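Everything numeric in this text was worked out from a predicted model, so none of it was measured.
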Amino acid sequence: MTSITLFVREFLLAVQFFTRIPITGRLAAWVGYSPQLLRASAGHFPGVGILVGLFAAAVYALFHAVLPDTTFAPLVVAAFSTAATVLLTGGFHEDGLADVADGLGGSYDRDRALEIMKDSRVGAFGAMALVLAILCKVSLLAILGSVEGVPTGWGDWQEAPFGSWYVCVALCTGHIVSRGLPLLLIYLLPHAGDTATSKSKPLADQISPGSLLVGFTWCAASLALATFVLDIMNLTVACSFAVLALLWMGRLFKRRLQGFTGDCLGATQQVCEIAFYLGLAISL
């Protein structure tokens with residue numbers, strides 16, 4: 001099997017695992033499945049972010065084009081774009097955020113917190129976390145979309161109503177970066193809880209340096225392309241905020257759970273995505 005073929009199979013398995021994009025029939029049979037293949041596909045999480053980000057940007061651009069140019073248009077467009085990403089991913093990461101909030105908010109005991117996180121029901125802490133996370137994302141995207149002119153990678157100002165092109169690129173970059181950073185949790189922290197029954201069992205083993213390199217290659221390539229639209233300084237601030245969010249989440253999981261779970265990875269993606277948009281908004 002050639003390295004290119006293996007690369008494509010790992011990428012498609014990641015798409016199959018983390019989105020609702022149908023990969024069935026002969027294609028699914030060709031991709032195949034094994035714990036080792038799924039573990040290697042972790043390096044393609046940022047690649048999945050490209051697909052999710054492009055879909056979010058397409059929905060944003062579509063509704064921006066058909067809605068009237070009003071004060072509240074950026075808010076409505078941001079809401080539809082965010083809803084589109086939830087539909088595409090099946091709320092996979094949002095579910096992780098809710099479970100982590102319920103577990104850590106429901107008990108200070110490690111074992112009890114892990115037990116709560118396995119419960120499929122959403123509690124008060126999870127509901128609050130979901131509502132606040134969605135509000136933060138929609139509000140920050142609305143702020144970015146409300147800017148009359150935004151600095152671009154060429155050093156000038158792009159005059160565009162609601163900064164639509166700017167927000168589309170910010171969406172893509174945010175989804176990619178926020179899926180790359182959680183790979184460091186897999187690399188640096190042990191898996192917490194019962195790996196035999198865990199949804200993230202194939203990820204319980206430490207991610208290989210090769211898969212980590214693949215993940216950050218996806219991120220580096222996307223950031224390089226993003227500099228053609230996003231100002232380098234603004235992009236640096238946004239990424240710095242996302243890294244700080246990762247460090248905070250990692251410290252929290254190490255202190256409270258002595259490791260990570262699949263839900264922790266989803267929660268980290270959500271927090272890093274919000275932090276990226278926050279840093280971008282502040283830097284403007």
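Both Leu278 and Leu171 are members of a single hydrophobic cluster when ILVMFWY side chains are connected at heavy-atom separations under 4.5 Å. Cluster membership check: Leu37 does not share its hydrophobic cluster with Leu213, using side-chain heavy-atom separations under 4.5 Å among Ile, Leu, Val, Met, Phe, Trp and Tyr. By the criterion of side-chain heavy atoms lying less than 4.5 angstrom apart, applied directly or through intervening Ile, Leu, Val, Met, Phe, Trp or Tyr residues, Val271 is not grouped with Phe125; the two fall into different hydrophobic clusters. Placement of Phe55 and Ile21 within a single hydrophobic cluster is found when ILVMFWY residues are connected by side-chain heavy-atom separations under 4.5 Å, directly or transitively. Val237 and Val229 fall within the same hydrophobic cluster, where Ile, Leu, Val, Met, Phe, Trp and Tyr residues are linked whenever their side-chain heavy atoms come under 4.5 Å apart, directly or through other members.
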Run Phe18 and Phe45 through ring-ring contact (aromatic ring centres under 6.0 Å, His included) and show every step you take.
CA-CA 8 Å; Phe18 290 101; Phe45 291 173; 4.4 Å; yes
Go through the steps for Glu94 and Lys137 under the test salt bridge (Lys or Arg N to Asp or Glu O under 4.0 Å), then give the verdict.
CA-CA 12 Å; Glu94 288 81 0; Lys137 275 196 276 190; 3.5 Å; yes
side-chain contact (heavy atoms from CB on, under 4.5 Å) assessment of Arg20 paired with Leu87:
CA-CA 8 Å; Arg20 293 293 178 89; Leu87 289 174; over 6 Å; no
For the pair Phe241 and Leu246, evaluate side-chain contact (heavy atoms from CB on, under 4.5 Å) and give the outcome as yes or no after the intermediate values.
CA-CA 9 Å; Phe241 271 61; Leu246 171 74; over 6 Å; no
Evaluate Cys172 against Ile50 for side-chain contact (heavy atoms from CB on, under 4.5 Å), listing each step before the verdict.
CA-CA 6 Å; Cys172 289; Ile50 293 178; over 6 Å; no
Run the numbers on Ile23 and Phe17 for side-chain contact (heavy atoms from CB on, under 4.5 Å), then give the verdict.
CA-CA 10 Å; Ile23 297 178; Phe17 194 77; over 6 Å; no
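Contact detail for Cys168 and Tyr60: the closest heavy-atom pair is SG-CD2, 4.0 Å. Listed here is the closest heavy atom pair of Ala40 and Glu10: CB-OE2, 3.4 Å. Of all non-hydrogen atoms in Leu97 and Ala129, the two that sit nearest each other are CD2-O, 3.9 Å. Considering every non-hydrogen atom in both Pro182 and Thr268, the closest pair reads CG-CG2, 4.0 Å. Residue Ala281 comes nearest to Leu140 through the heavy atom pair CB-CD2, 4.3 Å, listed as atom of the first residue, atom of the second, then distance. Contact detail for Cys136 and Ile274: the closest heavy-atom pair is CB-CG2, 3.9 Å.
Between the side chains of His93 and Gln270, no donor N or O sits under 3.5 Å from an acceptor N or O. Side-chain polar atoms of Thr85 and Thr82 form no donor-acceptor pair below 3.5 angstrom.
Annotation: side chain of Leu223 is in contact with side chain of Cys239 (closest heavy-atom distance under 4.5 Å). Annotation: side chain of Thr5 is in contact with side chain of Trp30 (closest heavy-atom distance under 4.5 Å). Here the side chains of Phe276 and Leu235 are in contact, with some heavy-atom distance below 4.5 Å.
Taking CG of Leu252 as the start and CG of Leu257 as the end, the distance is 7.0 Å to the nearest 0.5 Å. To the nearest 0.5 Å, the span separating OG on Ser240 from CD1 on Ile282 amounts to 11.5 Å. Rounding to the nearest 0.5 angstrom, the gap separating the CE atom in Met233 from the CG atom in Leu284 is 13.0 Å. A distance of 6.5 Å separates CG in Leu75 from OG in Ser139, rounded to the nearest 0.5 Å. Distance check, rounded to the nearest 0.5 Å: CG of Leu212 to CG of Leu183 gives 6.0 Å. Of the inter-residue distances, the one linking Ile207 atom CD1 with Ser41 atom OG reads 9.0 Å to the nearest 0.5 angstrom.
Using a distance-only test at 3.5 Å, with no hydrogens or angles considered, a donor-acceptor pair links the side chain of Thr227 to the main chain of Ala224. Panel note: side chain Arg9, backbone Val31; a donor-acceptor pair is recorded below 3.5 Å. With hydrogens and angles ignored, the 3.5 Å screen pairs no side-chain donor or acceptor of Asp102 with any backbone N or O of Met117. Between the Ser146 side chain and the Ala142 main chain, a donor and an acceptor come within less than 3.5 Å of each other. Side-chain atoms of Thr19 do not come within 3.5 Å of backbone N or O of Gln16 as any donor-acceptor pair. Using modelled atom types, no side-chain atom of Asp99 and backbone atom of Asp263 make a donor-acceptor pair closer than 3.5 Å.
Residues meeting the side-chain hydrogen bond (donor to acceptor under 3.5 Å, both in side chains) test with Asp119, sequence neighbours left out: Arg121.
The hydrophobic cluster containing Val131, built from Ile/Leu/Val/Met/Phe/Trp/Tyr side-chain heavy atoms closer than 4.5 Å, also comprises Leu135.
A distance of 6.0 Å or more separates the ring centres of Phe253 and Phe260.
Every pair passing side chain to side chain donor-acceptor pair (under 3.5 Å) that includes a residue from residues 243-259 is listed here, sequence neighbours excluded: Arg110-Gln258.
Annotation for Phe80: atom CZ does not count as buried by contact number, only 12 or fewer foreign heavy atoms lying within 6.0 Å. Counting non-hydrogen atoms of neighbouring residues, nucleotides and ligands closer than 6.0 angstrom, the CZ atom of Phe216 exceeds 12 such neighbours.
Taking the six-membered ring where the residue is Trp, His175 and Tyr277 present perpendicular rings, their angle passing 60° and hence far from 30°.
Between Glu115 and Arg112 there is a salt bridge, since a side-chain N of the basic residue sits under 4.0 Å from a carboxylate O of the acidic one.
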